Amino acid sequence: MALAELGAIVLDCPDPQALAGFYAEILGGTVEGDADWIDLRTPAGQTVAFQRAPGHVPPAWPSPDASQQFHLDLTVPDLDEAEKHILTLGAKPLDTDAPTRTWRVYADPAGHPFCLCAC
(Lines give C-alpha, C1' and ligand atoms only; values in the text may rest on other atoms or scores of the structure.)
Protein backbone atom coordinates (compact mmCIF):
# COMPACT_ATOMS: atom_id res chain seq x y z
CA MET A 1 0.00 0.00 0.00
CA ALA A 2 1.38 3.39 -1.00
CA LEU A 3 2.06 5.96 1.66
CA ALA A 4 1.84 8.92 -0.71
CA GLU A 5 0.81 9.95 -4.20
CA LEU A 6 3.02 11.99 -6.51
CA GLY A 7 1.50 15.46 -6.77
CA ALA A 8 3.92 17.15 -9.17
CA ILE A 9 7.44 17.25 -10.46
CA VAL A 10 8.87 20.68 -9.63
CA LEU A 11 11.74 22.37 -11.45
CA ASP A 12 13.55 25.34 -9.91
CA CYS A 13 14.33 28.05 -12.43
CA PRO A 14 14.89 31.80 -12.77
CA ASP A 15 11.73 32.41 -14.88
CA PRO A 16 8.81 30.02 -14.18
CA GLN A 17 6.54 31.50 -16.87
CA ALA A 18 9.14 31.13 -19.61
CA LEU A 19 10.12 27.58 -18.67
CA ALA A 20 6.47 26.50 -18.31
CA GLY A 21 5.85 27.91 -21.79
CA PHE A 22 8.78 25.92 -23.18
CA TYR A 23 7.44 22.63 -21.77
CA ALA A 24 3.82 23.49 -22.71
CA GLU A 25 4.95 23.77 -26.34
CA ILE A 26 6.41 20.26 -26.10
CA LEU A 27 3.88 18.48 -23.86
CA GLY A 28 0.69 20.48 -24.44
CA GLY A 29 -1.61 21.25 -21.53
CA THR A 30 -2.62 24.31 -19.57
CA VAL A 31 -0.42 26.77 -17.70
CA GLU A 32 -1.61 28.55 -14.57
CA GLY A 33 -0.03 30.28 -11.62
CA ASP A 34 1.79 33.47 -10.73
CA ALA A 35 5.26 34.96 -11.10
CA ASP A 36 6.78 32.60 -8.51
CA TRP A 37 5.00 29.29 -9.18
CA ILE A 38 3.49 27.91 -12.39
CA ASP A 39 1.68 24.58 -12.85
CA LEU A 40 1.64 22.90 -16.25
CA ARG A 41 -1.18 20.36 -16.28
CA THR A 42 -0.49 17.98 -19.16
CA PRO A 43 -3.19 16.29 -21.26
CA ALA A 44 -2.06 12.94 -19.79
CA GLY A 45 -2.87 14.17 -16.28
CA GLN A 46 0.61 14.85 -14.87
CA THR A 47 1.56 18.17 -13.34
CA VAL A 48 4.97 19.70 -13.91
CA ALA A 49 5.51 22.79 -11.77
CA PHE A 50 8.06 25.57 -12.09
CA GLN A 51 9.26 27.47 -9.02
CA ARG A 52 11.16 30.76 -9.09
CA ALA A 53 14.69 30.28 -7.74
CA PRO A 54 16.59 33.58 -8.09
CA GLY A 55 19.98 31.95 -7.43
CA HIS A 56 19.35 28.97 -9.72
CA VAL A 57 22.51 27.37 -11.06
CA PRO A 58 21.90 24.85 -13.85
CA PRO A 59 23.30 21.38 -13.31
CA ALA A 60 26.42 20.41 -15.23
CA TRP A 61 26.00 17.56 -17.69
CA PRO A 62 27.81 15.26 -17.73
CA SER A 63 29.92 15.91 -14.71
CA PRO A 64 31.00 13.68 -11.82
CA ASP A 65 31.56 16.81 -9.71
CA ALA A 66 28.17 18.45 -10.27
CA SER A 67 25.52 15.87 -11.04
CA GLN A 68 22.48 16.51 -13.17
CA GLN A 69 20.21 15.83 -10.13
CA PHE A 70 17.35 14.51 -12.30
CA HIS A 71 16.12 14.57 -15.88
CA LEU A 72 12.87 14.10 -17.79
CA ASP A 73 12.40 11.44 -20.48
CA LEU A 74 9.97 12.70 -23.14
CA THR A 75 8.70 10.05 -25.54
CA VAL A 76 8.23 11.12 -29.18
CA PRO A 77 7.25 9.28 -32.38
CA ASP A 78 10.01 10.88 -34.50
CA LEU A 79 13.31 11.99 -32.94
CA ASP A 80 14.41 14.13 -35.89
CA GLU A 81 11.12 16.06 -36.11
CA ALA A 82 10.93 16.54 -32.35
CA GLU A 83 14.53 17.75 -32.26
CA LYS A 84 13.87 20.40 -34.91
CA HIS A 85 10.93 21.72 -32.91
CA ILE A 86 12.59 21.81 -29.47
CA LEU A 87 15.67 23.57 -30.86
CA THR A 88 13.43 26.37 -32.19
CA LEU A 89 11.96 26.66 -28.67
CA GLY A 90 15.40 27.23 -27.13
CA ALA A 91 16.62 23.73 -26.19
CA LYS A 92 20.36 23.12 -26.46
CA PRO A 93 21.84 19.77 -27.58
CA LEU A 94 24.02 18.02 -24.99
CA ASP A 95 24.46 14.50 -26.39
CA THR A 96 22.87 13.96 -29.80
CA ASP A 97 25.68 12.52 -31.94
CA ALA A 98 24.78 8.80 -31.89
CA PRO A 99 22.40 8.40 -34.85
CA THR A 100 21.52 4.75 -34.11
CA ARG A 101 20.62 5.39 -30.45
CA THR A 102 16.94 5.68 -29.52
CA TRP A 103 17.41 8.74 -27.26
CA ARG A 104 19.09 12.16 -27.32
CA VAL A 105 19.97 14.54 -24.49
CA TYR A 106 19.22 18.29 -24.43
CA ALA A 107 19.11 21.15 -21.94
CA ASP A 108 15.99 23.26 -21.51
CA PRO A 109 16.34 27.06 -21.48
CA ALA A 110 17.08 27.02 -17.72
CA GLY A 111 19.77 24.34 -18.17
CA HIS A 112 17.90 21.24 -16.92
CA PRO A 113 18.79 18.12 -18.92
CA PHE A 114 16.01 16.16 -20.60
CA CYS A 115 15.89 13.35 -23.14
CA LEU A 116 13.84 12.81 -26.24
CA CYS A 117 13.20 9.07 -26.49
CA ALA A 118 11.80 7.22 -29.50
CA CYS A 119 8.60 5.35 -28.73
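Note that this is a predicted model, so its numbers are computed, not measured. We number each residue from 1, following the sequence as shown.
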query: If Ile, Leu, Val, Met, Phe, Trp and Tyr residues are connected whenever their side-chain heavy atoms lie under 4.5 Å apart, and connections chain through other members, are Ile9 and Phe114 in the same group?
result: yes

- prompt: In the single-linkage hydrophobic clustering (I, L, V, M, F, W, Y; side-chain heavy atoms under 4.5 Å), do Leu72 and Leu89 co-cluster?
  reply: yes

Rounded to the nearest 0.5 Å, what separates atom [atom1] in [X] from atom [atom2] in [Y]?
X      : Y     : atom1 : atom2 : value
Thr47  : Arg41 : OG1   : CZ    : 4.5 Å
Ile26  : Thr42 : CD1   : OG1   : 13.0 Å
Cys115 : Leu74 : SG    : CG    : 8.0 Å
Phe50  : Asp39 : CZ    : CG    : 9.0 Å
Tyr23  : Cys13 : OH    : SG    : 9.5 Å

Side-chain donor/acceptor of His71 to backbone N/O of Tyr106, under 3.5 Å: no

task: Would you check if the side chain of Asp108 reaches a backbone N or O of Ala110 as a donor-acceptor pair within less than 3.5 Å?
output: yes

Heavy-atom pair with the smallest gap, counting every atom of [X] and [Y]:
X      : Y     : value
Leu40  : Ala20 : CD2-O, 4.3 Å
Pro14  : Arg52 : O-NH1, 2.7 Å
His112 : Leu11 : ND1-CD2, 3.6 Å
Pro109 : Gly90 : CG-O, 4.0 Å
Val105 : Thr96 : O-CG2, 3.6 Å
Gly28  : Pro43 : C-CD, 3.7 Å

Any side-chain heavy-atom pair of [X] and [Y] under 4.5 Å:
X     : Y     : value
Val10 : Trp37 : yes
Leu27 : Gln46 : no
Val76 : Asp78 : no

message: Under 4.0 Å between a side-chain nitrogen and a carboxylate oxygen: does that hold for Arg104 and Asp80?
response: yes

